[in-house]
Amino acid sequence: MDSYINKLRDLASSAASSIQSKISRDYVFNLSHKPFGQSGLWSLYKAVRSKTEQTVTVWVFDKRYFERGINRQLLAARDQTVVIDLLKNEASQLTRLRHPSVLQVIEPLEESRGSLMFVTEQVLASLDDLVNPDHQQHATGGYRVDGDVFDLDDFEIQKGLLQISKVLGFLHDDAHIVHGNLVPASVLINAKGDWKLGGFGFAQAQGAGSGEYQYDYQMSAQTQRRLDFLAPEVVFDGKSHCASDLFSLGCLATATYFNGRSPLDCRNDVGAYRRELDRLSSSNALTKLPEQLRDPVLALLAVDPGSRLSLNEFQRSSFFDDVLVAALRYLEALAEQPMDQKISFMRGLPRVLSKFPERVLRRKILPALLDQTSDHALLPYTMPNVFLIIEKLTEESFAILAMPGLKQMFSVVDPPPQTSIVILDNLPLLQRKARADVFRSDVLPVVYSALMSSVPQVQDKALEAVPAIADSMDSKDLKTQVLPRVQHLYTKASVLSRKICALKCLHGMMKSLGEQTIVEHIIPLLRRTKTQEHGVIMAMLEMYEEMGMVFVERGAVAKEILPALWTQAMNNRLDVDQFKRFLVAIRKLEERVEKEQIKYLEKMDRGTTTVKVVDTSDAWELDDSVVQNGSGDTRFESLVMGSSSPRRPKTTPLTNPLAEKSSTKTPVASGWEWDAPTFGSSSVASKNRLVAVEVDIAESSTTPDDDDFGSFSSFLPAPRPAPSTAPLSSRLRTTTPLSATTQSARKLGGATKLGSPAPLPPPPPGKANYSVNGAFGSMQVSAATNPLTLPLAPLPKPALSSSPPLASQKHVGGKAANLGDFDPFA
């Protein structure tokens, strides 16, 4: 038998544990932390529902309360049962009653061995917390909720008292019960700032008696009714009526203005209660009330229950005759109103929104307006009010209070055109308030849809809105989502105003598009424009001018923009001022191109730093037999196949590799010979007049390839029968004059001179006139004019010019190098 009983206990214990764990399983909270508030014996903990992330309040009573100190000594088992029953009655009444001003229960009461627990909507504080300066949180400068000071103002008290009076009417007329404990601790403030009624532990049926009031000092004060808030008939006769709650309502209204104290401040002493009741009409507490509330409260505090003010009369008193209170009451009952009255209300609401307390706007009105967004027909009239409130929100408050409701509205497919226009008008506001990633993912799709709308007004609003938010868009989305749609609207626009609007949109987007996109997409789009209207042409001028000065490089300006501007400028429909405006833009762009191009060329000229002219006429020895025997085919193949051997400078004493194949070496003749043959019969040695040029350009150096006539035997002069036997001093080595800028070079006396042609050979002994043959012809020279027989004067160094003179050029290192003035005798 004992084993059977133990099994039953184990089953009951496991069942209780499973019941208790349901709230712990579905909600995230920590009982080891300090509760944020108290309501009677209940400890209040903030919690979050795991599935929906809804913020709630968990109410917990720890049964270890009976084991603490004096409670363990004073409370007998019977008294503990009374306390438990009182708490259970409160939770069950809350679960049973359904009214907008009754605290909403989400999870019903769960009892375990160690606690009682249930879950309600989020509660911020009780009225007693807000009005009682003795509360511990008031020591920091006011009661704080989530870091903000929560101070009640007249409007919130008006709204709250009205809500409590309405819920009392529901209890009396529909539920047929009397609350019986209407005190500041029984009024809870929810997340919206609404006053919700709780504390139903003493609720009972109308007319039920409880006997004459007696305060039990062995019981906790939280488990007994407060004497100073009870009606006289309850204290003296032990009977509760609906009018008893009206008396308590008058005390509650006084306590909101009197630091939570009733006008019958008797400290649970019945004798003191009688004395305070006799002088109630002259109580000092009533002087704290607003003048409009004083008379209604005195009527509620009448000793005779039949003489007390009814709830309807109290609600119609002048204290509640306020446009803000009336607007809030109308908003709460908006769902019951016809559509035309809803529209009228929403149109007039912006005029009074600024008069509401900010906390009421955030926690009460904004959620109510967002609830109305499900009515798509009412959206165009609701959204302006929503954005007026959003303007006052911080970024954190916007993310918590506004963005969840706005997401549902943004996801509406094919919304009314007025709704889209309102949203587009407020895009900068949404951009400031929303996080960047949220703005891109949830708000920008509204813009993309608006650009594809069939309603012209929506298209225009979208085009106007895009430039202001272009910086917030992802570069890829801007180029793939927005730009093609704007281009489509521009090309298909049949209305001049929309075409100009599209141009302004493109103009505003340029700073976010990048040069490549502008050159590849925007400029071709403008050049294909056929419209000749002044507005379009001038809008294009502004775009061309800004992109030419800021967004594209000089090459695109010269090749793309300036020709387009000149084409547009020659439009005969322009007036004089408009034509001059084009000229101003063209000159600005030309000036920019000129300055940047000159700067660039000067930089490139500074890169060409050194020109060295080296005489290499004796640096090579060429075997004439290679050419004469026709074995130059190998050189030809090497040349055309790109594997020609480079010439070696004179400082490296190596012979030409081709000459190694011949057993006979032919000395090379001088470039100048007395009575030398003409070009057609010149010696092979004439091709040895070579110049090695080293040019440094920018940061690299390169040696340009010289023309190698030796590769083509048909171009060589006829070989001479014998080399010259004249001494070296009598033979003239010549070089081809080259210059990096405009100067000629020559070799005189072992020093390089710039600016003079090559010297003529000395005259033969005993001849006054003689003939000199060169590679390009012959000439008659007089001994009297031969420069070698005359003293040489130093040649002045010619001034360098920014624009090179006409001269022969040779392509060196990818650029044309000036070869100097052509000298036919060189």
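Of all heavy-atom pairs spanning Val234 and Ser244, the tightest one is CG2-OG, 3.6 Å. In terms of heavy atoms, Tyr273 sits closest to Leu264 at CE1-CD1, 3.5 Å. In plain terms, the two heavy atoms of Phe247 and Leu230 that are nearest each other are CE2-O, 3.3 Å. Residues Asp62 and Gly114 share a closest heavy-atom pair of OD1-O, 3.2 Å. For Val48 against Val56, the heavy-atom pair with the smallest separation is N-CG2, 4.5 Å. Between Leu334 and Lys342 the shortest heavy-atom distance is O-CE, 3.1 Å.
Using modelled atom types, one side-chain atom of Asn89 and one backbone atom of Gly201 make a donor-acceptor pair closer than 3.5 Å. Not one N or O on the side chain of Arg49 forms a donor-acceptor pair closer than 3.5 Å with the backbone of Val28. Judged purely by atom type and a 3.5 angstrom limit, Tyr65 has no side-chain atom pairing as donor or acceptor with the backbone of Leu41. Put simply, the side chain of Thr57 gets close to the backbone of Val123: a donor and an acceptor are under 3.5 Å apart. Without hydrogens or angle criteria, Lys407 side chain to Asp442 main chain gives no donor-acceptor distance under 3.5 Å. Put simply, the side chain of Ser262 gets close to the backbone of Asp228: a donor and an acceptor are under 3.5 Å apart. At least one donor-acceptor pair under 3.5 Å links the side chain of Ser310 to the backbone N or O of Glu313. Gln163 places no side-chain N or O within 3.5 Å of a backbone atom of Ser101 that could act as its donor or acceptor partner. Between the Ser92 side chain and the Lys88 main chain, a donor and an acceptor come within less than 3.5 Å of each other. The closest donor-acceptor contact from the side chain of Lys196 to the backbone of Ile164 lies at 3.5 Å or more, if one exists at all.
Using a 4.5 Å heavy-atom threshold, the side chains of Leu97 and Leu94 count as separate. Side-chain atoms of Val119 and Phe29, non-hydrogen and from C-beta on, never get closer than 4.5 Å to each other.
To the nearest 0.5 Å, atom CG of residue Leu388 and atom CG of residue Leu369 are 10.0 Å apart. In this structure, the separation between CG on Leu103 and OG1 on Thr120 is 4.5 Å, given to the nearest 0.5 Å. Note: Gln93 CD to Leu197 CG = 11.0 Å, rounded to the nearest 0.5 Å. Distance check, rounded to the nearest 0.5 Å: CZ of Phe410 to OG1 of Thr373 gives 10.5 Å. The line from CG of Leu168 to CG of Leu246 is 7.0 Å long, rounded to the nearest 0.5 Å. Here CG of Leu300 is found 12.0 Å from OG of Ser307. Values are rounded to the nearest 0.5 Å.
A cation-pi contact links Arg274 to Phe236, judged by a cut-off of 6.0 Å to the six-membered ring centre and 45° from its axis.
In this model, a donor atom of one side chain and an acceptor atom of the other lie less than 3.5 Å apart for Thr287 and Asn284. One side chain, Ser112 or Ser115, offers a donor N or O that lies under 3.5 Å from an acceptor on the other. If you check the side chains of Ser240 and Gln206, you find no donor sitting under 3.5 Å from an acceptor. With no hydrogens or angles considered, no side-chain donor-acceptor pair links Ser126 and Asp128 at under 3.5 Å. Side-chain N/O atoms of Thr55 and Gln122 include no donor and acceptor closer than 3.5 Å.
None of Thr256, Thr254, Leu298 except one satisfies the side chain to side chain contact (heavy atoms under 4.5 Å, CB included) rule with Leu289; the exception is Thr254.
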Next item on the list: Show the numbers, then the answer: is there a side chain to side chain contact (heavy atoms under 4.5 Å, CB included) between Gln224 and Asn268?
Entry: CA-CA 10 Å; Gln224 302 182 70; Asn268 295 318; over 6 Å; no
Checklist line | Stepwise side chain to side chain contact (heavy atoms under 4.5 Å, CB included) check, His179 with Ser248 | finding: CA-CA 10 Å; His179 187 274; Ser248 300; over 6 Å; no
Check: Taking it one step at a time, do Leu366 and Lys392 satisfy side chain to side chain contact (heavy atoms under 4.5 Å, CB included)?
Finding: CA-CA 11 Å; Leu366 179 60; Lys392 301 177 182 296; over 6 Å; no
Next item on the list: Determine, stepwise, if the pair Val386 / Leu406 fulfils side chain to side chain contact (heavy atoms under 4.5 Å, CB included).
Entry: CA-CA 9 Å; Val386 171; Leu406 292 176; 4.2 Å; yes
Check: salt bridge (charged side-chain N to carboxylate O under 4.0 Å, His left out) between Arg308 and Glu233: does it pass, once the steps are laid out?
Finding: CA-CA 13 Å; Arg308 291 169 191 159; Glu233 64 272 15; 2.8 Å; yes
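With respect to the salt-bridge test (charged N to carboxylate O, under 4.0 angstrom), the residues Lys63 and Glu111 qualify. A salt bridge between Asp194 and Lys364 is present, with a side-chain N of the basic residue lying under 4.0 Å from a carboxylate O of the acidic one. Using a 4.0 Å cut-off between charged nitrogen and carboxylate oxygen, Arg267 and Asp269 do not count as a salt-bridge pair. Residues Glu332 and Lys192 are not paired through a salt bridge, judged by the lack of any N-O separation under 4.0 Å between the basic side chain and the carboxylate.
Classified by interplanar angle (parallel below 30°, tilted 30° to 60°, perpendicular above 60°), the ring pair Phe118/Trp59 is parallel.
By the neighbour-count criterion of 12 heavy atoms within 6.0 Å, atom CD of Gln341 is densely surrounded, having more than that number from other residues, nucleotides or ligands. The number of heavy-atom neighbours closer than 6.0 Å to NZ of Lys288, taken from other residues, nucleotides and ligands shown, is 12 or below.
Residues Phe320 and Phe314 bring their aromatic ring centres within 6.0 Å.
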